[in-house]
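Working notes, beginning with the structure itself.
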Number of protein chains: 2
Amino acid sequence: MKDPKDHLAQTLKQVRKDKKLSLDRAADLTGVSKAMLGQIERGESSPTVSTLWKIATGFEVSLSSFIEPTTSQNLKKTVARTADEIRQHPAEGGLMIAPLFPYESQLGFEYLELVFQAGYDRESAAHAPGVIEIVTVLNGVLEICCEGIWHKLEEGQSLRFAGDKPHAYRNATGEDAKVITVIHYPNGR
Amino acid sequence: MKDPKDHLAQTLKQVRKDKKLSLDRAADLTGVSKAMLGQIERGESSPTVSTLWKIATGFEVSLSSFIEPTTSQNLKKTVARTADEIRQHPAEGGLMIAPLFPYESQLGFEYLELVFQAGYDRESAAHAPGVIEIVTVLNGVLEICCEGIWHKLEEGQSLRFAGDKPHAYRNATGEDAKVITVIHYPNGR
DNA sequence: CCAGAATGTACGTTATAACGCACGATTTTG
DNA sequence: CAAAATCGTGCGTTATAACGTACATTCTGG
């Protein structure tokens, strides 16, 4: 990725246009001079983080939206997926994975369907720092161990936990357990 | 929220420590002088966005992680939720909502279970620009209309679509339809 | 039509980011 | 143990962010 200055220029100009503000009005709102706002929009200057914060705060927009690419057209497309058609069986037995919506940097998470077959019992290594996981049980019973504590989840129950620590999954029943899981990576993956 | 300079200082120092890098080594990696890295870490200077980009790129960390609050301790706690216990019935009939994990700014999304009762048929106003929705049908059959096209989702099927346009939900069957939905807001909510 | 207001840009001035280098303290090496 | 290397900080210099102001152009209302 190249210097974010150009993306910032476009985004600032677009936000101001969306809000139908002149540079004068925008300067009043943000506390940043209209001359500087104009320079940023024309890509002639790269503001400090503090100045960008003043702009984002004045416009009531998140800082991130000024520096990360906007939602790509790909994400705006409607995509339908059927878990039964894309389920995969990795080398490691007992677990099947349907990557319904793989990781997208603009969303910050991946969305999977997992099937833990009867008898599954395995640890998962800690993910990168800050990773958060959410699991909802659709069918069956699944136990998840995090921070030394086992949580038994039945159909309709959900768990959110820190995925940046070692954790474990166990299906001690005689039937498969099917879950939906969202894994959020704050620093990308 | 206050000036992000202090958060940036802490984060930069922590990232460098995690990677076991001296200021010298970090300067080599990022192309930013060690004197400047030191000033940023001590909160004595607010870098330009271009300089911050060089730092993030050199460290192979996302820009956002330097300017948004780190995952709060609240998010790291293990939380179990049962949809049956928290399901709500809003004024508007035919739809029940279990807010399993409400919106968190650090995740950027909310995670809900929805039950569309038999006969439900209603439009949903467009969300803010950039919003992306994901829906997975757990039980029953649900139809979702986006961009003028109806998509029929049966059990095990999922849909991702742009939530910043008018869309509609319909359950034309004689039974309830239960879904999990993730709604991602790029600019917060 | 005309005067005043609004708009965005250019320019000179001021403040501060960003740098290279020196230095004292600490750690490493032979 | 002494010398060399490394470390983080402070300082002066340079480059540029950020500002206030002037100006040409366009718009608006009487």
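Everything numeric in this text was worked out from a predicted model, so none of it was measured. Convention: sequence-line order gives letters A, B, ...; per-chain numbering from 1.
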* Asked: Counting side-chain heavy atoms from CB outward, which of dC19(C), dC7(D), dA18(D) is closest to Asp24(B)?
  -> dC7(D)
* Asked: Just how far, in rounded Å, is C1' of dT6(D) from NZ of Lys20(B)?
  -> 18 Å
* To do: Would you kindly give the CE-to-P distance between Met36(A) and dA15(C), to the nearest whole Å?
  => 16 Å
* Asked: Closest nucleotide of DNA chain D for Gln39(B) versus for Leu37(A): which of these residues is on the 5' side?
  -> Gln39(B)
* Asked: Are the charged groups of Arg170(A) and Asp121(A) less than 4.0 angstrom apart, N to O?
  -> no
* Asked: How many Å lie between NZ on Lys13(A) and P on dT7(C), as a whole number?
  -> 17 Å
* To do: Give a yes or no on whether the backbone of Thr51(B) and the side-chain of Thr48(B) come within a donor-acceptor separation of less than 3.5 Å.
  => yes
* Of residues 42-49 of chain A, the positions that come close to DNA chain D - non-hydrogen atoms, cut-off under 4.0 Å -> Glu44(A), Ser45(A), Ser46(A), Pro47(A), Thr48(A)
* To do: Look at the aromatic rings of Tyr111(A) and Phe101(A) and report parallel, tilted or perpendicular, splitting at 30° and 60°.
  => tilted
* Asked: Whole Å only: how far is the NZ atom of Lys5(B) from the C1' atom of dT16(C)?
  -> 11 Å
* Asked: How far does CG of Leu75(A) sit from CD of Glu104(A), to the nearest 0.5 angstrom?
  -> 4.5 Å
* Identify whether the distance between the nearest side-chain nitrogen and carboxylate oxygen of Arg87(B) and Glu113(B) falls below 4.0 Å. => yes
* For the side chain of Ser33(A), counting heavy atoms from C-beta on, which of dT9(D), dG20(C), dA18(D) is nearest? -> dA18(D)
* To do: Nearest whole angstrom, please: distance from the C1' of dC7(D) to the NZ of Lys17(B).
  => 16 Å
* **Candidates dA18(C), dG8(C), dG8(D) - which lies nearest the side chain of Lys34(B)** => dG8(D)
* Electrostatic pair Asp164(A)-Lys76(B), nearest N-O below 4.0 angstrom -> yes
* Tell me what Arg16(B) touches on the nucleic acid: a base, only sugar-phosphate, or nothing, going by heavy atoms under 4.0 Å. => sugar-phosphate
* To do: Rounded off to whole Å, could you give me the CD-to-C1' distance for the Glu41(B) and dA18(C) pair?
  => 15 Å
* Asked: With the threshold set at 4.0 Å, does a side-chain nitrogen-carboxylate oxygen contact exist between Glu147(B) and Lys165(B)?
  -> yes
* To do: Tell me which nucleotide among dG8(C), dT9(D), dA18(C) gets nearest to the side chain of Leu23(B).
  => dT9(D)
* OP1 or OP2 of dA18(D) under 4.0 Å from side-chain N/O of Thr51(A) -> yes
